[in-house]
Amino acid sequence: MLVDTGANVTLLRTDLAQKVKEQLIHTAPNISLKTATGEKTEIRGKLDASIEYGSRKFHHRIYVADITDPCILGLDFLQKFNFTVDLEKNEIRTGGEEIPLFSASVQHSKSCSVLAKKRTIIPARSECLIQGVPEVPGQFRYAITNFPSQVSQKGVLVAATLVDLEMEAIPVRVLNLNNKPKILDKGDVIATCEPVVDIIAHPQEFSGAQHLQSTLENRQILNEEQRTAVRKLLNAFQDLFSTCDADVGRCNMTQHRINTGDHPPIKQYPRRLPLARKEEAEHLVKEMVDNGIIEESSGPWASPIVLVKKKDGSTRFCVDYRKLNEITKKRQLSPATNRRHPGCFEWKSMVYDTGFEKWILAS
């Protein structure tokens, strides 16, 4: 999204306008825009839409045209909602909220490499946090770390992380998938950094995990000072807590594979359910599909579902994988790596349990 004080109106690119739910209002064919280069661009229509900026939503009329940028916030939007543009601090302000801005030229900046700050040994089949430094400092401030191709081929993965390149040391989370330790010497390339062109912050009070809040209030062993300290800690790391049953996260650092050797696929038929429970199962399946936890599959493997009542009366959706487990070739794990809950979910990803991370299941 481009903030342009030289644009008199707010614009949306034509292909994006076709994807939004708001109805497009067609305008007269003789209405056109005059660009900064003096050329004319036809207006395809207009729509009344909600623009989310920072933590607030703004209802505004947007014009649709064949432009290069996805969206241009014009002077009409900035004046209507009393936005203040601070070029010195690279931010815009409204209603007491500060929203960072980044120069459009950053989009064309090249990526830079991150070098190991000191010699590090990553144990076999382990992950660790490595201190890095940018190869060319000062290119841009905020970036997303990724793994360079020459490193990924050696069985080392780097987590995609938002980092501040102005820090003394850049934290890079590295995973060694090999059965042998990996040695990274000082100055080795451990990651690449792609510039970040926009950051949207959603400041809010800790509210997602209300059960944690209520649990905290019920702890009589904590005095008021301790409660305040714990509440402050929860607020600081609120993004680490699940906000609902569907908020299970997703890990894309590696793919989970189930080794069944040369055993033919096992396809079990679904077990009969009472009509009431069948409707409940269909509702739970739809809910997981809508939340991106599962997707439809036409593969040769199939295991029956089991609906289990929990203590609070709700239903836990389970899958009976005992037949699959019988033919799965087990791999001996050291106590250090065998810390995850056993469990599974077919199709799109593996869910260990609600609140735990979601893994991509290799097809």
Side-chain angles (χ1 to χ4, degrees), residues 110-137 139-140 142-196 237 239-242 248-261 324-325 328-346 348-353 355-363:
K110 295 180 179 179
S111 61
C112 75
S113 298
V114 178
L115 310 180
K117 190 175 182 180
K118 59 182 180 180
R119 190 174 188 269
T120 306
I121 299 177
I122 311 174
R125 307 198 68 80
S126 302
E127 68 172 7
C128 66
L129 212 58
I130 299 178
Q131 291 186 344
V133 292
E135 184 178 24
V136 183
Q139 277 189 305
F140 37 83
Y142 297 104
I144 297 292
T145 57
N146 206 338
F147 53 86
S149 57
Q150 65 267 29
V151 176
S152 62
Q153 293 172 358
K154 299 178 183 178
V156 175
L157 296 179
V158 175
T161 310
L162 176 66
V163 295
D164 184 352
L165 298 183
E166 291 186 0
M167 294 176 61
E168 183 179 346
I170 303 170
V172 180
R173 187 171 294 277
V174 180
L175 173 66
N176 180 16
L177 298 175
N178 296 296
N179 294 319
K180 296 181 179 180
K182 183 70 65 175
I183 300 176
L184 294 174
D185 292 319
K186 180 180 178 180
D188 282 354
V189 177
I190 56 176
T192 57
C193 279
E194 298 290 338
V196 171
F237 297 97
D239 57 323
L240 302 181
F241 294 96
S242 173
V248 294
R250 188 178 188 184
C251 175
N252 58 3
M253 289 181 63
T254 187
Q255 290 187 335
H256 180 79
R257 298 181 183 276
I258 301 175
N259 184 10
T260 58
L324 176 63
N325 290 338
T328 300
K329 295 187 179 297
K330 308 296 188 298
R331 181 167 60 87
Q332 295 297 325
L333 297 176
S334 66
T337 58
N338 191 19
R339 292 176 180 170
R340 298 297 181 194
H341 287 256
C344 39
F345 202 94
E346 190 76 49
K348 192 172 184 179
S349 39
M350 293 201 72
V351 177
Y352 287 91
D353 199 355
F356 286 84
E357 61 260 51
K358 198 165 51 170
W359 294 84
I360 298 173
L361 183 62
S363 55

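We're numbering straight along the sequence, starting at 1.
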Query raised in the report: Nearest heavy-atom pair of Ala191 and Val158: which atoms, and what distance?
Result: CB-CG1, 4.0 Å
Report task. Please test Leu115 against Asp188 for side chain to side chain contact (heavy atoms under 4.5 Å, CB included), starting from the C-alpha separation and ending with a verdict. Result -> CA-CA 5 Å; Leu115 310 180; Asp188 282 354; over 6 Å; no
Query - Distance (rounded to the nearest 0.5 Å) between Ile190 CD1 and Lys117 NZ - result: 11.5 Å
Requested in this report: For Asn179, check side-chain contact (heavy atoms from CB on, under 4.5 Å) against everything at least two apart and list the hits.
Outcome: Arg125
Query - Option among Ile183, Asn178, Leu175, Asn176 that satisfies the side chain to side chain contact (heavy atoms under 4.5 Å, CB included) test with Ile122 - result: Asn176
Query raised in the report: Any side-chain heavy atom of Asn146 sitting closer than 4.5 Å to one from Ile144?
Result: no
Query - Side-chain (Lys330) to main-chain (Asn325) donor-acceptor, under 3.5 angstrom - result: yes
Would you mind writing out the side-chain donor-acceptor pairs for residues 159-169 within the sub-3.5 Å range, not counting sequence neighbours?
unit_1, atom_1, unit_2, atom_2, d
Thr161, OG1, Ala159, O, 3.3
Asp164, OD1, Arg141, NE, 3.1
Asp164, OD1, Glu166, N, 3.0
Asp164, OD2, Arg141, NE, 3.3
Asp164, OD2, Arg141, NH2, 3.0

Report task. Please report the closest heavy-atom contact between Asp185 and Arg119, naming both atoms and the distance. Result -> OD1-NE, 3.1 Å
Query raised in the report: Closest approach of Thr145 and Cys193, non-hydrogen atoms and distance?
Result: CG2-SG, 4.0 Å
Report task. With rounding to the nearest 0.5 Å, note down the distance linking CD1 in Ile130 to CD in Glu127. Result -> 11.0 Å
Requested in this report: Using a 4.5 Å cut-off on heavy atoms from C-beta on, say whether the side chain of Val133 contacts that of Val114.
Outcome: no
Report summary line: NZ (Lys329) and OG1 (Thr260) are apart, to the nearest 0.5 Å, by 8.5 Å
Query raised in the report: What residues form a side-chain hydrogen bond (donor to acceptor under 3.5 Å, both in side chains) with Asn259, not counting sequence neighbours?
Result: none
